[in-house]
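Every chain is numbered from 1 and lettered A, B, ... according to where its sequence line falls, protein lines coming before strand lines. Note that the structure is predicted; figures quoted are calculated from it, not measured.
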Protein chains: 2
Amino acid sequence: MPVKNPSLKSAASSTVEDYLERILELINSKGYARVVDIASALKISQASVTNMIQRLDTEGLLNYEKYRGLVLTTAGEKLARSIAHRHQLLTDFLKLFGIDDDVIYHDVEGMEHHISPPTLRAIEALTAQLRRRPALLAKLKLAGT
Amino acid sequence: MPVKNPSLKSAASSTVEDYLERILELINSKGYARVVDIASALKISQASVTNMIQRLDTEGLLNYEKYRGLVLTTAGEKLARSIAHRHQLLTDFLKLFGIDDDVIYHDVEGMEHHISPPTLRAIEALTAQLRRRPALLAKLKLAGT
DNA sequence: TAAATAAGTTAGTTTTAACTAACTTTTGCA
DNA sequence: TGCAAAAGTTAGTTAAAACTAACTTATTTA
């Protein structure tokens, strides 16, 4: 395995899911998501966003009119919502252990796009069960410190 | 009464209500309402829209960020919805008489901003009653031709 | 592990929206 | 009915968003 140069940020490339997640977030919070907004939310350049947006438009996940604005299509919104939902489930799960919010955010960002539906369902069920066993949870929290 | 020059369109000035009505319509249909969209929807100049939008922003009916977009505030959306609702009630009422859609549209546009709540409620109740009396309605339709 | 592919960057340009200023037209009311 | 206030217009300007091109950095996979 090649050793990475630690002076370079590993800056994992944004996926389609990252874009959709942020776009939905922007629309919910500000009411609109312009290329410039997406770029600053993802901390990447406008040029990069332009490319991806045009791709998402041709893929039918959103409708884009340059210089005007964009809207998620039904398909795009559905997908975006499921991504946001998954994000929430994972966050809720980690919250059970009393982990710091910042750490939770970091971890969820890192793993969310790699989790399969079965695993996610397992985690969801597990979260529900753990919530009913406060004593067990307390023991787990102690173990984590 | 001064005789108007018939070669000039009478072009009644748009009211705050006209603006809100169109903005809501644009947001519902296109997902966003830019100054340029509003201007062409109301068939007035951008300059004029800029002025009004800035005013509506200071009045708290919408939040505007130039070059970005605008969103209705809770108050603005509430007002816009009630305007749209009134428009619909009046349209429904005139539809009872089998009047042409174009004519209905023209008339509703002309009168909607001048109708008081009591009158509107009366018309709403009347519409409901007439719908239960098809025979009477048929008679009224004939009288209108 | 080295191509091939995908994503990102910077720099410079283009396009468009939106603004302002100066002036005209409407409208409503004293 | 005429004047003040409100709304609209045009023309020209400014500013921001978004685009393109050329190139670099990551990532994936044969």
Could you check whether any side-chain N or O of [X] sits under 3.5 Å from a backbone N or O of [Y], counting only pairs where one atom can act as donor and the other as acceptor?
X: A/Arg133; Y: A/Gln129; result: yes
X: A/Arg68; Y: B/Asp37; result: no
X: B/Ser48; Y: B/Ser45; result: no
X: A/Thr127; Y: A/Ile123; result: yes

Practice item. State the CD-CD1 distance between A/Glu25 and A/Ile83, to the nearest 0.5 angstrom. Key: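 One gets 12.0 Å once the value is rounded to the nearest 0.5 Å.
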**Study point:** Residues, nucleotides or ligands: over 12 heavy atoms within 6.0 Å of A/Arg81 CZ
**Key:**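 Atom CZ in A/Arg81 is not packed in, count stays at 12 or less.
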Check your understanding: Which atom names give the shortest non-hydrogen contact between A/Tyr19 and A/Ser14, and what distance separates them?
Key ->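 A/Tyr19 and A/Ser14 have their closest heavy atoms at CE1-CB, 3.7 Å.
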Point to revise | Non-hydrogen atoms of B/Arg34 and A/Tyr67 that approach each other most closely | key: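 Between these two residues, the closest heavy atoms are NH1-O, 3.1 Å.
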List, with names and distances, any nitrogen or oxygen atoms from the protein found under 3.5 Å away from nitrogen or oxygen atoms belonging to nucleotides 3-5 of chain D.
none

Check your understanding: Is any side-chain heavy atom of A/Val71 closer than 4.5 Å to a side-chain heavy atom of A/Tyr64?
Key ->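 Side chain of A/Val71 against side chain of A/Tyr64, heavy atoms only: no contact under 4.5 Å found.
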Can you tell me how far [atom2] of [N] sits from [atom1] of [X], to the nearest Å?
X: A/Leu42; N: C/dT9; atom1: CG; atom2: P; value: 10 Å
X: B/Glu17; N: D/dA7; atom1: CD; atom2: C1'; value: 16 Å
X: B/Ile38; N: C/dA17; atom1: CD1; atom2: P; value: 13 Å
X: A/Asn51; N: D/dC19; atom1: CG; atom2: P; value: 9 Å
X: B/Asp18; N: D/dG8; atom1: CG; atom2: P; value: 9 Å
X: B/His113; N: C/dT26; atom1: NE2; atom2: C1'; value: 16 Å
X: A/Asp57; N: D/dC19; atom1: CG; atom2: C1'; value: 15 Å
X: B/Lys43; N: D/dT9; atom1: NZ; atom2: P; value: 13 Å

Check your understanding: Pick the nucleotide of DNA chain C nearest each of A/Arg55 and B/Ala47; which residue has the one closer to the 5' end?
Key ->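 Looking at the nearest nucleotide for each, A/Arg55 comes out on the 5' side.
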Check your understanding: Does A/Arg86 pair with A/Glu17 as a salt bridge, N-O distance under 4.0 Å?
Key ->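 Judged by the 4.0 Å cut-off on N to carboxylate O distance, A/Arg86 and A/Glu17 do form a salt bridge.
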Review point. Is the closest basic N to carboxylate O distance between B/Arg22 and B/Glu109 below 4.0 Å?
Key: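 Answer for the salt bridge query: yes.
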What does the list of N/O pairs under 3.5 Å between the protein and nucleotides 16-18 of chain D look like, with a distance for each?
{"unit_1": "D/dA17", "atom_1": "OP1", "unit_2": "B/Arg68", "atom_2": "NE", "d": "2.5"}
{"unit_1": "D/dA17", "atom_1": "OP1", "unit_2": "B/Arg68", "atom_2": "NH2", "d": "3.3"}
{"unit_1": "D/dA17", "atom_1": "O3'", "unit_2": "A/Arg34", "atom_2": "NH2", "d": "2.9"}
{"unit_1": "D/dA18", "atom_1": "OP1", "unit_2": "A/Arg34", "atom_2": "NE", "d": "2.8"}
{"unit_1": "D/dA18", "atom_1": "OP1", "unit_2": "A/Arg34", "atom_2": "NH2", "d": "2.8"}
{"unit_1": "D/dA18", "atom_1": "OP2", "unit_2": "A/Val35", "atom_2": "N", "d": "3.3"}
{"unit_1": "D/dA18", "atom_1": "OP2", "unit_2": "A/Val36", "atom_2": "N", "d": "3.0"}
{"unit_1": "D/dA18", "atom_1": "O3'", "unit_2": "A/Tyr64", "atom_2": "OH", "d": "3.2"}
{"unit_1": "D/dA18", "atom_1": "N7", "unit_2": "A/Gln46", "atom_2": "OE1", "d": "3.1"}

Check your understanding: A/Tyr19 side chain N/O closer than 4.0 Å to the phosphate oxygens (OP1, OP2) of C/dG8?
Key ->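 Checking A/Tyr19 against C/dG8: at least one side-chain N or O falls below 4.0 Å of OP1 or OP2.
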Check your understanding: At what angle, to 10 degrees, do the two end axes of the helix from C/dT1-D/dA30 to C/dA30-D/dT1 meet, given five pairs define each axis?
Key ->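 For the helix from C/dT1-D/dA30 to C/dA30-D/dT1, the axes at opposite ends meet at about 40°.
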